[in-house]
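Everything quoted here is computed from the prediction, not taken from an experiment. Letters go in sequence order (proteins before strands), and every chain restarts at 1.
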Number of protein chains: 2
Amino acid sequence: MKKTTIHDIARELNITFSTVAKALNDHPRIAAATKEAVREMAIKLNYQQNKLASSLRSGRTGIVGVLVPTLDVSFFSSVVHGIETVMNENGYNILLYQSKEIYEDEIRGVDTFLQTRVEGIISSVALSTKNYDHFIDLKKRKIPLLMFDRTVDEIGVPYVRIDDYGGGFMATEHLIKQGCKRIVHISTDQQVEIFKERLRGYKEALLKYGLPIDESLIFYGNLSIELGKNCIKKLVDEKVDFDGVFAFEDYTGLGALKELKDLKINVPEQVKVIAFANEAFGAHITPSMSTVDQQTVKMGEEAARLFLKLIKENKYYENAPEQIILDPILIQRESSQ
Amino acid sequence: MKKTTIHDIARELNITFSTVAKALNDHPRIAAATKEAVREMAIKLNYQQNKLASSLRSGRTGIVGVLVPTLDVSFFSSVVHGIETVMNENGYNILLYQSKEIYEDEIRGVDTFLQTRVEGIISSVALSTKNYDHFIDLKKRKIPLLMFDRTVDEIGVPYVRIDDYGGGFMATEHLIKQGCKRIVHISTDQQVEIFKERLRGYKEALLKYGLPIDESLIFYGNLSIELGKNCIKKLVDEKVDFDGVFAFEDYTGLGALKELKDLKINVPEQVKVIAFANEAFGAHITPSMSTVDQQTVKMGEEAARLFLKLIKENKYYENAPEQIILDPILIQRESSQ
DNA sequence: CTGAAAGCGCTAACAG
DNA sequence: CTGTTAGCGCTTTCAG
């Protein structure tokens, strides 16, 4: 039950294995009749090319490593979906590795990819990673690295992410245009770039429209439905006046919405709400929740396309790292109109 | 800028490359001092083992192919998350392929895996697949194949899925206990085992509680929000009497819920709804949707564990295919109480 | 148009 | 304990 090789095909046809190899690779200087015979015999013998051997010899594996924190968060699985789709269309396969947000696992992932001789790596950094040598090392080895979403300037490689500042601005501006004067922002840990940017967008929008930045309207907590609820509760308890809520992500926005409902505060009549991420539930709740879409699948597709473009040019690290900033998309639903 | 090999290490240390190879593989008959020196030099020279070469020679790649319809559905990405986690803990890596529910792509995926010499494949069948020769062929080639969720008896390989019959029964019984007498079941193509099983559970529950099986209350269509809407529309148009809906999966259930809302039919007062899958949105829509949880991450972990156990025994296809049936979990929410 | 030959980087006997 | 040797199955010159 040994696997059939080009030698087996050659023997059956009384030609040399090197002719078989060329025939299978559609080499121009092989007779059409020979090619035909070889192909037929290959099918008859259930031949499947051994990519290990071919990769070892040619130096091309056609494999790209994808290193993400987890697939159990729809943001990441959507992006990976986009990456795989485009890579597959271009003849590449994906080796998958989850860092589980753990620095050491991220390093293990990079090592695995190096040993598998992937032709490049597409990654989003683990939250616990503070040292980026394993990524910078890839650059030294001339292994193409492309980052998405959680990018790190220090690494200095091409990346794709959305304009979080613009998204924050857009969400806030939308509320202002809907007539809100006192807009709450619920945010989180300011270590992560993207959340800092959303907050910056919020402040800039207020400034632009001549509204004061009131720090008592800005909250920080851990991403959760509870966070949204608690903030609303606190605002109401303390009789703080507000007419708009911009939550830094959808689950927090959902919590705010739920609490407002519980407190019989009408949305959007009394308070308008918008969040960020466009998770699946937002369109189906009542009232449906306005949000900012991050174009996750497109982010993956664009990441793959940029990667492919850059490796095709064959000078991946020779120019300044190219970057793609996707536009956030304002999704206006019932909660804000 | 050539990659360093065991020959480079050997040269630096004035020993032969085969000693280096053994040292790196921690072979027992190599002097501790030699091992130490080799390891140091390996680090100094940034050596990374070439797995292509080692796999080619040893016949072991340590790669398992995971072939799923898409990662853009949380059910599948959760399962893949579970698979990767367990496989990774056991030294295996995952090559990922999405069939996009397309038969031809599924075949391409299998071929790719064959060429990459994966040590096995874990897969869930595409909905459009009607011919299973590409899977049966794996058995003939003695390539371990394990299926999950969308299993097919005809293929005859080990699998992991939930007790879809029990889930269907449980969902229907729940509606009956809530007082429903005329329960609609929206299902799909009966080629896929799991959907057939859910339907069987539905019928058995009706029987058990002495309710008639009315074929005019059973619908078949393509998984979508539209399917749910259309069924409700049709029922109402034709003035069919019904007081419960059991949708074979959540998106269809969502469609039903939306249409009922549009038609001003109160849920759960007039019609109670339950679906299947426990997608993220179900808990947050209004009314929140009852459903049956499939233990997705656990399904992936169990699939990986069963796979590992079976390949370790080294007689993957010699016994009757083993299977793991996970318990479905009833999630009662507003739509059914 | 086909064949011969070298070798990608490693594993795994076998010999010493 | 270390070295020699023979490949794994393919790609890729170079001859013919």
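Classification of B/K309 and B/E322 as a salt-bridged pair holds, one side-chain N sitting under 4.0 Å from a carboxylate O. Taking 4.0 Å as the cut-off between side-chain N and carboxylate O, A/K140 and A/D137 do not count as a salt-bridged pair. Between B/K298 and B/E301 there is no salt bridge, since none of the side-chain N atoms of the basic residue sits less than 4.0 Å from a carboxylate O of the acidic one.
Of the residues in residues 37-55 of chain A, A/Y47, A/Q49, A/N50, A/A53, A/S54 come within less than 4.0 Å of DNA chain D through at least one heavy atom, sorted by number.
Considering only side-chain N and O atoms, B/T16 lies under 4.0 angstrom from the phosphate OP1 or OP2 of D/dG3. Here A/T34 reaches the OP1 or OP2 of C/dT2: one of its side-chain N or O atoms lies under 4.0 Å away. An OP1 or OP2 oxygen of C/dA4 is reached within less than 4.0 angstrom by no side-chain nitrogen or oxygen of A/S18.
Residue A/N14 is the one, among B/R29 and A/N14, whose nearest nucleotide of DNA chain C lies closer to the 5' end (criterion: closest heavy atom).
Remark: P of D/dT2 and NE2 of B/H27 are 11 Å apart, rounded to the nearest angstrom. One atom, CG of B/D8, and another, C1' of C/dG9, lie 11 Å apart when rounded to the nearest Å. Atom CZ of B/R60 and atom C1' of C/dA12 are 15 Å apart (whole Å). The CG-C1' distance, from A/L56 to C/dC10, rounds to 8 Å in whole Å. For A/R11 and D/dG9, the CZ to P distance is 12 Å, given to the nearest whole Å. With rounding to whole Å, B/I6 atom CD1 is found 6 Å from C/dG9 atom C1'. Between the CG atom of A/L24 and the P atom of D/dT11 there is a distance of 8 Å, given to the nearest Å. Between A/D26 atom CG and D/dT11 atom P there is a gap of 13 Å when expressed in whole angstrom units.
When the nucleotides D/dT12, C/dC10, D/dG9 are ranked by their closest atom to the side chain of A/S58, D/dT12 comes out on top. Residue A/I30 has its side chain nearest to C/dT2 when only D/dC10, C/dC10, C/dT2 are considered.
A heavy-atom distance below 4.5 Å is found between the side chains of A/K51 and A/N93. In this structure, the side chains of A/T85 and A/N88 stay at 4.5 Å or more apart for every pair of heavy atoms. Counting only heavy atoms from C-beta outward, the side chains of A/F148 and A/V68 approach each other to under 4.5 Å.
No more than 12 heavy-atom neighbours from other residues, nucleotides or ligands sit within 6.0 angstrom of NZ on A/K312.
The residue A/A31 sits close only to the backbone: its heavy atoms come under 4.0 Å of sugar-phosphate atoms, none of a base.
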